[in-house]
**Q** 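My questions will all concern the structure given below.
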There are 2 protein chains.
Amino acid sequence: MDKTLKRMATMQRMQVTGLYLFYSKGYYNTSVDDVLKELSMSKGAFYHHFKSKEDFFIQIIENLLVRKIYTVLIEPIEGHEHTLDLINSCFEDALETAVHNELDYGFVLSNFINEFNGRNERVMKHLNNILKVWEVNLVSAIQRGKFNGYINRHVDAEGVAVFLMSAYMGVRTLMVEITPSARKYRFMSQLRNYLKSLEVKTATANIS
Amino acid sequence: MDKTLKRMATMQRMQVTGLYLFYSKGYYNTSVDDVLKELSMSKGAFYHHFKSKEDFFIQIIENLLVRKIYTVLIEPIEGHEHTLDLINSCFEDALETAVHNELDYGFVLSNFINEFNGRNERVMKHLNNILKVWEVNLVSAIQRGKFNGYINRHVDAEGVAVFLMSAYMGVRTLMVEITPSARKYRFMSQLRNYLKSLEVKTATANIS
DNA sequence: TGTAATACCGACCAACCGGTCGCTATACAA
DNA sequence: TTGTATAGCGACCGGTTGGTCGGTATTACA
């Protein structure tokens with residue numbers, strides 16, 4: 001096998017294991033030795049590939065976390081179909097994955113933000129960047145929805161984005177407890193209610 | 001001074017300092033020595049009053065955290081005035097406090113849940129209990145609102161409670177970043193929008 | 001004033017932390 | 001086959017962790 005290819009394969013394997021452990025036990029609560037034990041690897045090998053634990057984690061963020069958020073929360077709302085339906089399906093799918101996750105420790109990004117906030121500025125910058133990318137993409141999806149006539153012109157796109165992100169991050173924390181499925185169902189029902197309030201209003205639609 | 005009174009005063013002082021440090025640096029990232037340094041106290045004194053670090057933290061939860069949540073998030077919505085107004089004011093005030101907090105590390109309860117979830121079942125039980133109390137009180141406030149004619153009869157009280165808790169917990173995490181004030185404003189605006197959708201509908205109110 | 005309980009002190013412990021370093025094992029190019 | 005760069009090894013280091021323990025200082029009460 002090509003040398004650089006093998007190197008990348010090893011590093012990838014280390015990062016996947018690292019993300020899993022950091023997510024489940026927390027960054028500060030997971031020692032380098034823990035990661036190495038899981039990998040059946042030596043310390044020398046670790047520090048041959050990464051210059052520090054922090055550097056290892058930052059590479060995990062950039063290589064794995066960013067891609068994860070993209071796949072689950074950004075790409076699904078990029079289409080030109082009815083924006084509110086896209087958002088609804090996207091959240092539905094994301095939460096369903098969480099429900100079926102045997103061991104759910106909450107929204108990965110939100111967990112790390114909580115852990116690093118006020119403690120490690122360098123890591124926080126990387127995490128906040130992901131948050132920003134998500135926000136920007138949500139805002140433009142909503143504006144696209146307005147342009148395409150699916151969303152009321154007077155809706156504040158930035159406000160909706162902040163609200164949606166808040167709701168999602170919060171419910172993911174709530175769902176780590178017992179009966180995540182019931183909470184997901186109730187949450188999604190209220191989310192649809194909220195999304196409906198953003199629709200283009202017709203003269204007759206809301207008379208009850 | 002009475003002996004037991006002095007003991008309680010000392011323990012109270014220790015717990016207040018402990019909560020501050022655990023909140024700002026995280027539980028696992030704060031050593032007992034850190035707490036003792038802040039208190040100018042010895043290890044012997046600490047372990048004379050508390051049998052372990054974990055025990056110390058659980059007492060902090062029961063004595064300080066529970067009361068805090070009660071004061072900020074439960075009592076303000078207990079009245080018989082318009083329920084949705086009470087909720088709106090309660091969230092507004094709670095977030096305003098967060099904005100003015102020089103060093104904000106997010107919603108205390110939510111931070112600790114994130115830190116202990118899957119790592120310490122005993123502590124999690126105590127934290128989940130607070131969450132449950134909050135939820136129960138929100139649900140009964142909403143049902144009271146329905147009874148008093150402020151909220152639509154068909155509204156799912158449990159669903160609204162989960163949604164409101166999610167949104168609050170999420171926005172508190174989002175607000176730790178830059179410009180918390182702007183995010184608060186946008187969030188509250190959307191929250192009012194959502195709360196409005198729960199009101200008793202009249203034939204003319206929603207024609208636009 | 002004597003005494004017993006409580007409050008507090010800080011040296012000390014084993015276990016663990018992130019990181020270093022001198023070493024070997026392997027793989028490819030000449 | 002040999003030389004050289006990369007991959008991987010694990011003992012070891014200084015520092016920190018939660019917790020212990022033998023001691024002293026302070027207090028309340030007889």
Side-chain angles (χ1 to χ4, degrees), chain A residues 1-61 63 112 115-116 119-123, chain B residues 1-61 112 115-116 119-123 126:
Chain A
M1 199 197 295
D2 188 279
K3 269 188 178 176
T4 61
L5 216 75
K6 176 173 184 193
R7 179 180 175 83
M8 285 179 67
T10 306
M11 286 173 81
Q12 175 80 7
R13 190 174 136 256
M14 292 168 82
Q15 287 173 45
V16 170
T17 304
L19 176 58
Y20 168 74
L21 286 177
F22 289 145
Y23 169 58
S24 53
K25 307 206 303 167
Y27 174 83
Y28 290 112
N29 213 21
T30 304
S31 68
V32 175
D33 282 322
D34 288 339
V35 180
L36 294 171
K37 201 171 155 191
E38 191 76 18
L39 288 160
S40 300
M41 243 187 186
S42 68
K43 241 178 188 171
F46 182 89
Y47 283 96
H48 174 70
H49 290 289
F50 302 96
K51 74 170 204 264
S52 70
K53 187 191 179 188
E54 184 179 305
D55 202 67
F56 176 54
F57 185 66
I58 287 178
Q59 291 215 40
I60 289 178
I61 298 177
N63 295 329
F112 287 140
E115 188 167 6
F116 286 101
R119 281 143 228 165
N120 188 321
E121 217 172 311
R122 184 160 165 249
V123 171
Chain B
M1 202 197 295
D2 188 278
K3 269 188 176 175
T4 60
L5 215 76
K6 176 172 184 193
R7 180 179 175 82
M8 285 178 67
T10 305
M11 287 172 82
Q12 175 80 5
R13 190 174 136 257
M14 292 168 83
Q15 288 174 44
V16 169
T17 305
L19 176 59
Y20 168 74
L21 287 176
F22 288 145
Y23 168 59
S24 54
K25 308 206 302 168
Y27 174 82
Y28 289 112
N29 213 19
T30 304
S31 66
V32 175
D33 281 323
D34 289 339
V35 180
L36 295 171
K37 200 170 153 192
E38 191 77 18
L39 288 161
S40 301
M41 242 187 188
S42 70
K43 263 226 167 120
F46 182 89
Y47 283 96
H48 174 68
H49 290 289
F50 302 97
K51 73 171 206 263
S52 70
K53 187 191 178 188
E54 185 179 305
D55 202 68
F56 176 53
F57 185 66
I58 287 178
Q59 291 215 40
I60 289 177
I61 297 176
F112 286 141
E115 188 168 5
F116 286 101
R119 282 144 228 165
N120 188 320
E121 216 171 313
R122 184 159 164 250
V123 170
H126 289 264

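Naming: A, B, ... by sequence-line order, numbering from 1 per chain.
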**Q** Distance check needed: D:dG10 P versus A:Phe46 CZ, whole Å only.
**A** 17 Å
**Q** Among the candidates C:dG19, D:dG10, D:dG18, find the nucleotide nearest to the side-chain atoms of A:Ser42.
**A** D:dG10
**Q** Is the distance from OP1 or OP2 of C:dC17 to the nearest side-chain N or O of A:Ser31 less than 4.0 Å?
**A** yes
**Q** What nucleotide, of D:dG8, D:dT17, C:dG18, holds the atom closest to the side chain of A:Tyr47?
**A** C:dG18
**Q** Please report the closest heavy-atom contact between A:Arg119 and A:Tyr28, naming both atoms and the distance.
**A** CB-OH, 4.3 Å
**Q** Could a donor-acceptor pair under 3.5 angstrom be found where the side chain of A:Lys43 meets the base of C:dG18?
**A** yes
**Q** Report yes if at least one side-chain N or O of A:His49 is closer than 4.0 Å to OP1 or OP2 of D:dG8; otherwise report no.
**A** yes
**Q** Considering only heavy atoms from C-beta outward, does the side chain of B:Phe57 approach that of B:His126 to under 4.5 Å?
**A** no
**Q** I need the CG-P distance between B:Asp33 and C:dC17, as an integer number of Å.
**A** 17 Å
**Q** Please state how far atom CG in A:Leu21 lies from atom P in C:dG18, giving the value in whole angstrom units.
**A** 12 Å
**Q** What nucleotide among C:dG18, C:dC9, D:dC9 has an atom nearest to a side-chain atom of B:Met41?
**A** C:dC9
**Q** Output the rounded distance in Å from CG (B:Asn29) to P (D:dT17).
**A** 9 Å
**Q** Within this structure, what is the CD-to-C1' distance between A:Glu54 and C:dG18, rounded to whole angstrom?
**A** 12 Å
**Q** Are side-chain heavy atoms of B:Gln59 and B:His49 found at a separation under 4.5 Å?
**A** no
**Q** Rounded to whole Å, how long is the line connecting atom CE of B:Met11 with atom C1' of C:dC8?
**A** 14 Å
**Q** With respect to the side chain of A:His48, which nucleotide from C:dC8, D:dT6, C:dG18 is positioned closest?
**A** D:dT6
**Q** In this structure, is the centre-to-centre distance between the rings of B:Phe56 and B:Tyr47 below 6.0 Å?
**A** no
**Q** Between P on D:dA28 and NZ on B:Lys6, what's the gap in Å once rounded to a whole number?
**A** 8 Å
**Q** Do A:Met11 and A:Asn63 come within less than 4.5 Å of each other through their side chains, counting heavy atoms only?
**A** no
**Q** Between atom CZ in B:Phe57 and atom P in D:dG18, what is the gap in whole Å?
**A** 14 Å
**Q** If you compare every side-chain N and O of B:Arg7 against the phosphate oxygens of C:dA7 (OP1, OP2), does one of them come in below 4.0 Å?
**A** yes
